[in-house]
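The sequence lines fix the lettering, A, B, ..., with proteins before strands; numbering per chain opens at 1.
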2 protein chains.
Amino acid sequence: MDKKPDWMTAEGPPWTKGEAHVVYANPWLKVTEFEAVAPTGKPALYGVVNFQSLAIGVLPLHDDGTVTLVGQHRFPSGAYSWELPEGGAPLGGDPLDSAKRELVEEAGLAARDWRQVLTFELSNSVTDERGVGYLATGLYPASGTPDDTELIRLARVPFREALAAALAGHMTDMITVALLLRAYHMAREGDLPPALTQAML
Amino acid sequence: MDKKPDWMTAEGPPWTKGEAHVVYANPWLKVTEFEAVAPTGKPALYGVVNFQSLAIGVLPLHDDGTVTLVGQHRFPSGAYSWELPEGGAPLGGDPLDSAKRELVEEAGLAARDWRQVLTFELSNSVTDERGVGYLATGLYPASGTPDDTELIRLARVPFREALAAALAGHMTDMITVALLLRAYHMAREGDLPPALTQAML
C-alpha cells in the first residue's frame with residue numbers, strides 16, 4: 001500500500017503551539033513547555049519531550065528459527081529487561097548504519113540481509129520520538145566494541161518462545177513486542193523463506 | 001506461559017541512581033536528572049521522564065471484521081494522525097475503566113467483551129511509561145462526553161486495510177501498530193471466534 005487510503009485524507013484543525021519555554025535539555029532529550037490552544041479552542045499547557053535521536057530495534061533471526069535477545073538493567077524502571085538489540089540513531093543519518101552497529105555491539109552479530117519492517121512513533125501525545133524496526137537474517141558472528149555504559153547478557157531462544165514471553169508480559173519493551181509480532185505476521189503471510197518460516201513456527 | 005522462562009533469570013548488576021534533581025513537572029509528567037553510575041562503573045548523567053498515567057489502547061473490532069479508527073492532530077509531531085482509541089489511566093486504578101471511558105468518548109462505542117492482550121513499556125531507556133492494550137468486541141453504539149481538548153474524526157475500515165496502512169507507514173502510532181499485529185496473531189492462532197477471524201482475514 002504505497003498510497004494513503006482515502007479515509008485518511010480527511011483532517012481536522014491543528015493545535016496552536018503558542019509561546020514556548022525550554023525547561024530542560026541534555027544531549028539526549030529536550031523538554032519544552034508551550035502555552036498551547038487545543039483544536040477545540042481550549043487553552044492548554046503542553047509539555048513536549050523532544051528526542052535527539054531515532055529509536056532503532058533489530059530482530060536478529062537465525063536460520064534455525066531462533067532469535068538473539070539481550071538482557072540489561074534499565075534505569076527508568078529499575079528492573080532487569082530482556083529485549084531485542086536496540087539503540088539510537090542520529091537524526092538525519094542513515095538508521096541502517098546505526099542498526100548494524102547496535103547488532104554487532106550488543107549481540108556480536110552481523111547480517112547479510114536487512115529489511116526495514118516497522119516505522120513508528122513511540123508515545124506521540126507527549127514525545128516526538130520516532131523509530132524504525134529491522135529484521136536481520138543471514139546472521140554470522142562479528143566483534144564490536146561494547147558501549148561503555150552497557151553490560152549486556154545474551155540469550156538465544158526459539159522464536160515462538162520469545163514471542164510467548166512477550167505476550168505473557170515477561171518482555172514488555174514495546175519495540176521488542178511489536179517486532180516479534182511483525183515477524184510472526186511476515187512468516188504467516190509468506191514474506192519469509194519457507195524453510196525459515198517452518199523453523200520459526 | 002505463566003512462568004518466566006529459565007533464560008530470563010540470569011541478571012546482571014543494576015544502575016546506581018545517585019543524586020536526583022527534579023528539573024520539570026506538570027500534571028502529566030515529571031523530569032528528573034540523576035548523577036548516575038552505569039552497571040559498567042562509568043558515571044553518567046541520566047535524565048528520566050516519569051509519566052503520571054498509564055497508556056491505554058483499545059482495538060474496537062466489529063463483528064463484520066472492520067475496526068473503528070480515530071483521527072486527530074497530534075501536538076508533538078505537528079501532524080494529523082489516524083490511530084486506535086487511546087488515552088491515559090490513573091496509576092493504581094483499574095485501567096479497564098479508563099479503556100471503557102476512552103472508547104465511548106472517542107469512538108462512541110461500548111463493548112460486551114474486553115480482553116487485555118498487550119502489556120508494554122513504550123520507551124524504556126528514557127521514560128517509565130507503561131501501558132496496556134485491549135481488544136474490544138461485541139461492540140454497540142454508546143454516547144459519551146468528548147474530552148474538551150480533543151476534536152476527533154472517525155473512520156470504520158476493514159481490519160486488513162488498517163493493518164496494511166500501519167505496515168506501510170501511514171499509521172505510525174506504536175500502540176496502534178502493535179495492537180493490530182496482535183489481533184492478526186490472535187486470528188491466526190485460533191484465539192478468536194472462527195466467524196470473526198474469517199471476516200478479518
Side-chain angles (χ1 to χ4, degrees), chain A residues 1 4-5 7-8 10-15 23-24 26 28-29 31 36 38-40 42 44-49 71 73-77 80-82 118-124 126-129 148-149 151 153 155 157 161 164-165 168-170 172-174 177-178 181-182 184-185 188, chain B residues 1 4-5 7-8 10-15 23-24 26 28-29 31 36 38-40 42 44-49 73-77 80-82 118-129 148-149 151 153 155 157 161 164-165 168-170 172-174 177-178 181-182 184-185 188:
Chain A
M1 182 190 287
K4 265 193 189 183
W7 52 265
M8 295 189 76
E11 297 192 1
W15 283 78
V23 293
Y24 177 68
N26 69 25
W28 303 277
L29 56 92
V31 183
T40 53
K42 186 180 157 60
L45 195 73
Y46 214 120
V48 174
V49 181
H73 192 267
R74 284 296 191 183
F75 189 94
S77 64
Y80 203 79
S81 182
W82 284 94
L118 283 181
T119 306
F120 47 83
E121 297 176 306
L122 282 160
S123 186
N124 67 4
V126 171
T127 83
D128 69 349
E129 187 180 18
D148 61 4
T149 63
L151 209 59
R153 284 170 193 248
V157 306
E161 192 174 321
H170 299 314
T172 51
D173 169 66
M174 185 57 138
V177 174
L181 284 167
R182 174 64 167 127
Y184 175 88
H185 173 267
R188 285 288 194 194
Chain B
M1 182 189 287
K4 266 193 188 183
W7 52 266
M8 295 189 76
E11 297 192 2
W15 284 79
V23 294
Y24 177 68
N26 70 24
W28 303 277
L29 56 93
V31 184
T40 55
K42 187 181 155 61
L45 196 72
Y46 215 120
V48 174
V49 182
H73 191 267
R74 283 298 191 183
F75 188 95
S77 65
Y80 202 79
S81 182
W82 285 93
L118 283 181
T119 307
F120 46 83
E121 298 176 306
L122 282 161
S123 187
N124 67 3
S125 67
V126 171
T127 83
D128 69 349
E129 187 180 18
D148 61 4
T149 64
L151 208 61
R153 285 169 192 249
V157 306
E161 192 173 321
H170 299 314
T172 50
D173 169 65
M174 185 55 138
V177 174
L181 283 167
R182 175 63 167 127
Y184 175 89
H185 174 267
R188 285 289 194 194

Side chain, backbone, both or neither: which part of A:W28 has a non-hydrogen atom closer than 4.5 Å to chain B? side chain
Do you know which of B:G169, B:A36, B:S123 has the most heavy-atom pairs under 4.5 Å to chain A? B:S123
Could you check which of A:D148, A:V31, A:V48 has the highest count of heavy-atom pairs closer than 4.5 Å to chain B? A:D148
Winner by heavy-atom pair count (cut-off under 4.5 Å) against chain B, out of A:T149, A:N26, A:L45, A:D128: A:T149
Could you check whether any side-chain N or O of B:H73 sits under 3.5 Å from a backbone N or O of A:W15, counting only pairs where one atom can act as donor and the other as acceptor? yes
What one should report as the nearest heavy-atom pair of B:M8 and A:H170 is CE-O, 3.1 Å
Can a donor-acceptor pair be found, under 3.5 Å and without considering hydrogens, that links the side chain of B:T127 to the backbone of B:V49? no
Which region of B:R153, side chain (C-beta onward) or backbone (N, CA, C, O), has a non-hydrogen atom less than 4.5 Å from a non-hydrogen atom of chain A, or is it both or neither? side chain
Below 4.5 Å from any heavy atom of chain A, which atoms of B:L29 appear? Answer side chain, backbone, both or neither. side chain
Mind ranking B:A44, B:A168, B:S125, B:G47 by heavy-atom pairs under 4.5 Å with chain A and telling me who comes out on top? B:S125
Proximity breakdown for B:E11 and chain A, heavy-atom pairs closer than 4.5 Å: both
If one checks every heavy atom of B:A155 against chain A at 4.5 Å, the contacting part turns out to be side chain
Please verify the inter-ring angle class for B:W82 with A:W7; under 30° counts as parallel, over 60° as perpendicular, anything in between as tilted. perpendicular
Please find the pair of heavy atoms, one from A:P13 and one from A:P39, that lie closest to each other, and give the distance. O-CB, 3.5 Å
CE of A:M174 to CG of B:L122, rounded to nearest 0.5 Å, is 5.5 Å
Between A:A164 and chain B, with a heavy-atom cut-off of 4.5 Å, which part of the residue counts as in contact: side chain, backbone, both or neither? both
State which residues pass ring-ring contact (aromatic ring centres under 6.0 Å, His included) with B:Y24; sequence neighbours excluded, sorted by chain then number. none
Top residue by heavy-atom pair count (under 4.5 Å) with chain B, among A:P5, A:G12, A:S81? A:G12
Specify which of A:V177, A:L181, A:T119, A:L151 makes the most heavy-atom pairs with chain B at under 4.5 Å. A:L181
Interface moiety of B:V23 toward chain A, non-hydrogen atoms closer than 4.5 Å: both
The interface call for B:L118 against chain A, heavy-atom contacts under 4.5 Å, is side chain
